[in-house]
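Have a look at the structure below before the remarks.
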Amino acid sequence: GENVEQHPSTLSVQEGDSAVIKCTYSDSASNYFPWYKQELGKRPQLIIDIRSNVGEKKDQRIAVTLNKTAKHFSLHITETQPEDSAVYFCAASITGKSTFGDGTTLTVKP
Amino acid sequence: GAGVSQSPRYKVAKRGQDVALRCDPISGHVSLFWYQQALGQGPEFLTYFQNEAQLDKSGLPSDRFFAERPEGSVSTLKIQRTQQEDSAVYLCASSPQREWGDTQYFGPGTRLTVL
């Protein structure tokens with residue numbers, strides 16, 4: 001089955017700096033790669049996603065890149081703010097099933 | 001419109017009890033997913049429905065776990081003879097059917113504690 005590895009497990013940055021979280025996946029059939037933000041005690045919320053026919057997608061301060069050959073994808077957050085502090089999960093999906101990484105705890109220091 | 005809802009939000013069970021967790025997906029969403037999230041971990045896939053058909057149950061950890069969606073809308077996850085290792089947050093998600101690539105919308109989860 002699919003295996004997703006996510007790094008780093010914790011990330012601390014100064015407000016205004018950029019943050020990068022990386023994930024690798026094993027199943028080349030995966031075709032959809034969402035990123036979720038989860039605050040303590042809350043539900044995961046989709047922040048950005050990318051499909052396998054696209055190499056990069058950007059939404060304001062958030063961008064995701066996908067390298068299908070290397071089977072890795074990354075989340076980039078620019079101009080970080082304290083409210084970006086949360087746990088971020090990547091996932092690799094084949095229709096009907098998503099495999100999640102173990103999460104990255106991002107702390108943005110004011 | 002209303003998002004995915006789950007009930008109860010919190011459930012405490014004594015070891016050996018049976019529990020039933022309910023999920024109300026977004027109206028019209030074809031696909032419904034159940035995940036188990038242990039503390040400090042990512043969600044782990046349990047099972048998937050398309051309408052009333054259970055297409056994948058490969059993630060259910062044992063035959064004590066059973067899920068159904070009889071009318072293709074509300075779903076129930078049942079755990080029989082609960083064990084302490086079943087303690088986790090159980091998340092439900094739904095998605096509209098697309099040609100490929102499914103955006104999943106999560107419910108708030110049910111936190112199950114087995115004593």
Side-chain angles (χ1 to χ4, degrees), chain A residues 1-10 21 23-25 27-54 57 59 64 66 68 73 75 86-106, chain B residues 2-7 9-10 23-26 29-51 53-60 67 69 88-111 113:
Chain A
E2 176 65 276
N3 181 51
V4 175
E5 295 192 357
Q6 182 172 346
H7 300 280
S9 57
T10 60
I21 303 170
C23 289
T24 61
Y25 62 100
D27 190 341
S28 56
S30 289
N31 58 10
Y32 174 63
F33 306 91
W35 286 88
Y36 292 89
K37 176 183 180 182
Q38 188 174 32
E39 297 177 0
L40 191 63
K42 301 289 181 64
R43 73 188 76 190
Q45 293 204 312
L46 181 74
I47 55 170
I48 195 167
D49 56 9
I50 191 167
R51 291 173 170 79
S52 59
N53 64 340
V54 175
K57 183 177 178 181
D59 182 5
V64 58
L66 171 65
K68 287 189 297 182
F73 55 114
L75 176 72
V87 180
Y88 291 81
F89 293 99
C90 64
S93 302
I94 301 170
T95 300
K97 184 172 182 176
S98 290
T99 302
F100 285 75
D102 284 338
T104 296
T105 301
L106 173 64
Chain B
V4 178
S5 61
Q6 292 184 245
S7 60
R9 291 293 314 279
Y10 304 90
C23 173
D24 284 83
I26 293 173
H29 277 197
V30 171
S31 298
L32 185 145
F33 309 83
W34 283 99
Y35 295 90
Q36 181 189 62
Q37 187 174 27
L39 190 64
Q41 303 291 317
E44 288 203 14
F45 173 83
L46 294 177
T47 187
Y48 156 59
F49 291 86
Q50 194 168 97
N51 296 309
Q54 188 173 21
L55 299 187
D56 189 335
K57 55 181 181 179
S58 61
L60 295 177
R69 195 187 184 197
V89 175
Y90 291 85
L91 293 165
C92 174
S94 69
S95 72
Q97 189 170 12
R98 299 177 188 268
E99 287 186 1
W100 58 292
D102 299 328
T103 300
Q104 297 184 22
Y105 299 86
F106 282 84
T110 294
R111 182 178 297 277
T113 303

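Proteins get letters first, then strands, A, B, ... in listed order; numbering begins at 1 in each.
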Inset, instruction - Evaluate the side-chain proximity of A/Pro34 to B/Gln104: yes if any heavy-atom separation is below 4.5 Å, no if none is. - result: no
Legend entry - Name of the residue among B/Tyr35, B/Phe33, B/Tyr48 meeting side chain to side chain contact (heavy atoms under 4.5 Å, CB included) with A/Ser98: B/Tyr35
Inset, instruction - Identify which part of A/Phe33 has an atom lying under 4.5 Å from any heavy atom of chain B, answering side chain, backbone, both or neither. - result: neither
Inset, instruction - To the nearest 0.5 Å, tell me how far A/Arg43 CZ sits from B/Gln37 CD. - result: 13.0 Å
Legend entry - Which portion of A/Asp49 sits near chain B, non-hydrogen atoms under 4.5 angstrom: side chain
Inset, instruction - Identify which part of A/Gln45 has an atom lying under 4.5 Å from any heavy atom of chain B, answering side chain, backbone, both or neither. - result: neither
Inset, instruction - Measure the CG-OH distance between A/Leu46 and B/Tyr105 for me, rounded to the nearest 0.5 Å. - result: 7.0 Å
Legend entry - Distance, nearest 0.5 Å, that separates NZ of A/Lys97 from CG of B/Leu55: 12.5 Å
Inset, instruction - Could you check if a side-chain atom of B/Phe45 sits within less than 4.5 angstrom of a side-chain atom of A/Phe100, using non-hydrogen atoms only? - result: no
Inset, instruction - Tell me, out of B/Pro43, B/Gly109, B/Ser31, who's got the most heavy-atom pairs with chain A below 4.5 Å. - result: B/Pro43
Legend entry - Atom group of B/Ser95 that falls short of 4.5 Å from chain A, counting heavy atoms: neither
Inset, instruction - Verify the neighbour count for atom CD of B/Glu44: are there more than 12 heavy atoms of other residues, nucleotides or ligands below 6.0 Å? - result: no
